[in-house]
Amino acid sequence: MVPGARLILLGRQGAGKGTQCARLSRHFVVPHISTGDVLRAAVREGSELGRMAKSVMDGGGLVGDEIMVGIVRHRLSQTDAQGRGYILDGFPRTVPQAIALDEITADRPLDVVIDLEVPSELVLQRLSARRVCRDCGTNYIATGAEHLPWLCDVCGGDVMQRDDDTPEAIGKRLDLYEQQTSPLIEFYAETGRLVVVDGVGTPDQVFHRLTDAVTSRR
Ligand code: AMP
């Protein structure tokens, strides 16, 4: 039997986190908790959170720490995450979020924090070609040869470009990543919880590196 896992995947936007988290979630049988997906769902529902988050997200900014910590605290208190564990994707994004997460998970600490390392030139190329199913979040790479309307192979939903994958918003998000999220790498390295995994390669190669990294840390 495969044991569960309590993981964080860090990495620049476009490093392949979404794709790898979906595979890791099936492998370890734990929920993939993407705070970006939670916010996009709130935007689709038109909730108060969604209306507030939309303008921040479209501009490539970050939603406030207090709101994000509240969302994650609630999600991690649910039975699946309390039992087998979880994979966090997109959270924490700032050091205050990481400190709050340590408090939330004090009883059952994280197994490992993985930094999926992909050079920024490659990430820029990937983001401009990225397309996403608006219903289930499956990621695709556009080649220009797709038949339109493009429908998702997994659920039949519409595959489209994310509103925040415009060149301006991509530039802003990558700058923000360097400023606010890369200090997290230091935070987790200093506390001995970080493993850096090379994210360049085929999805299968990267997936095997990730599962090896988790297994060797437990
Ligand atoms: P992502 O899908 O992870 O790239 O997230 C999309 C957008 O949602 C980000 O550009 C932020 O505006 C917002 N977001 C997601 N997670 C967080 C977080 N942990 N803290 C602040 N904003 C977030």
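All ligand and atom numbering here is 1-based and tracks the order in the structure.
Of the polar atoms of Arg93, at least one N or O is found under 3.5 Å from an N or O of ligand 1, judged by distance alone.
Closest to atom 6 (C) of ligand 1 among all protein heavy atoms lies Arg40 NH1, 3.6 Å. Among protein heavy atoms, the minimum distance from atom 19 (N) of ligand 1 is reached at Gly90 O, 2.9 Å. When hydrogens are left out, the protein atom nearest atom 21 (C) of ligand 1 is Val63 O, 3.2 Å; that is the closest non-hydrogen contact.
Against a heavy-atom cut-off of under 4.0 Å, Leu39 is close to the following atoms of ligand 1: 8 (O), 13 (C), 14 (N), 15 (C). Atom numbering of ligand 1 starts at 1 in the shown order; those under 4.0 Å from a heavy atom of Gln97 are 18 (C), 19 (N), 20 (N), 21 (C). Counting atoms of ligand 1 from 1 in the listed order, those under 4.0 Å from a heavy atom of Gly61 are 10 (O), 11 (C), 12 (O). With ligand atoms numbered from 1 in the order given, ligand 1 contributes 15 (C), 16 (N), 17 (C), 19 (N) to contacts under 4.0 Å with heavy atoms of Thr35. When each atom of ligand 1 is checked for a heavy atom of Arg162 under 4.0 Å away, the hits are 1 (P), 2 (O), 4 (O), 6 (C).
With a 6.0 Å cutoff to the six-membered ring centre and a 45° limit on the axis angle, Arg23 counts as a cation-pi contact of Phe207.
Residues satisfying the ring pair (Phe, Tyr, Trp, His ring centres under 6.0 Å) test with Phe28, not counting sequence neighbours, are none.
Ion pairing between a basic and an acidic side chain is recognised when a charged N comes within 4.0 Å of a carboxylate O; Asp204 and Arg209 show no such pairing. Remark: Asp58 engages Lys54 in a salt bridge, criterion side-chain N to carboxylate O under 4.0 Å.
Thr143 and Glu146 form a side-chain donor-acceptor contact under 3.5 Å, judged by distance and modelled atom types alone.
Among all heavy-atom pairs drawn from Ala81 and Leu76, the shortest one is CB-O, 3.8 Å.
Hydrophobic cluster membership is shared by Val72 and Ile67, with clusters built from Ile, Leu, Val, Met, Phe, Trp and Tyr side chains linked at under 4.5 angstrom.
Counting heavy atoms closer than 4.0 Å to ligand 1, residue Met57 contributes atoms from both its backbone and its side chain.
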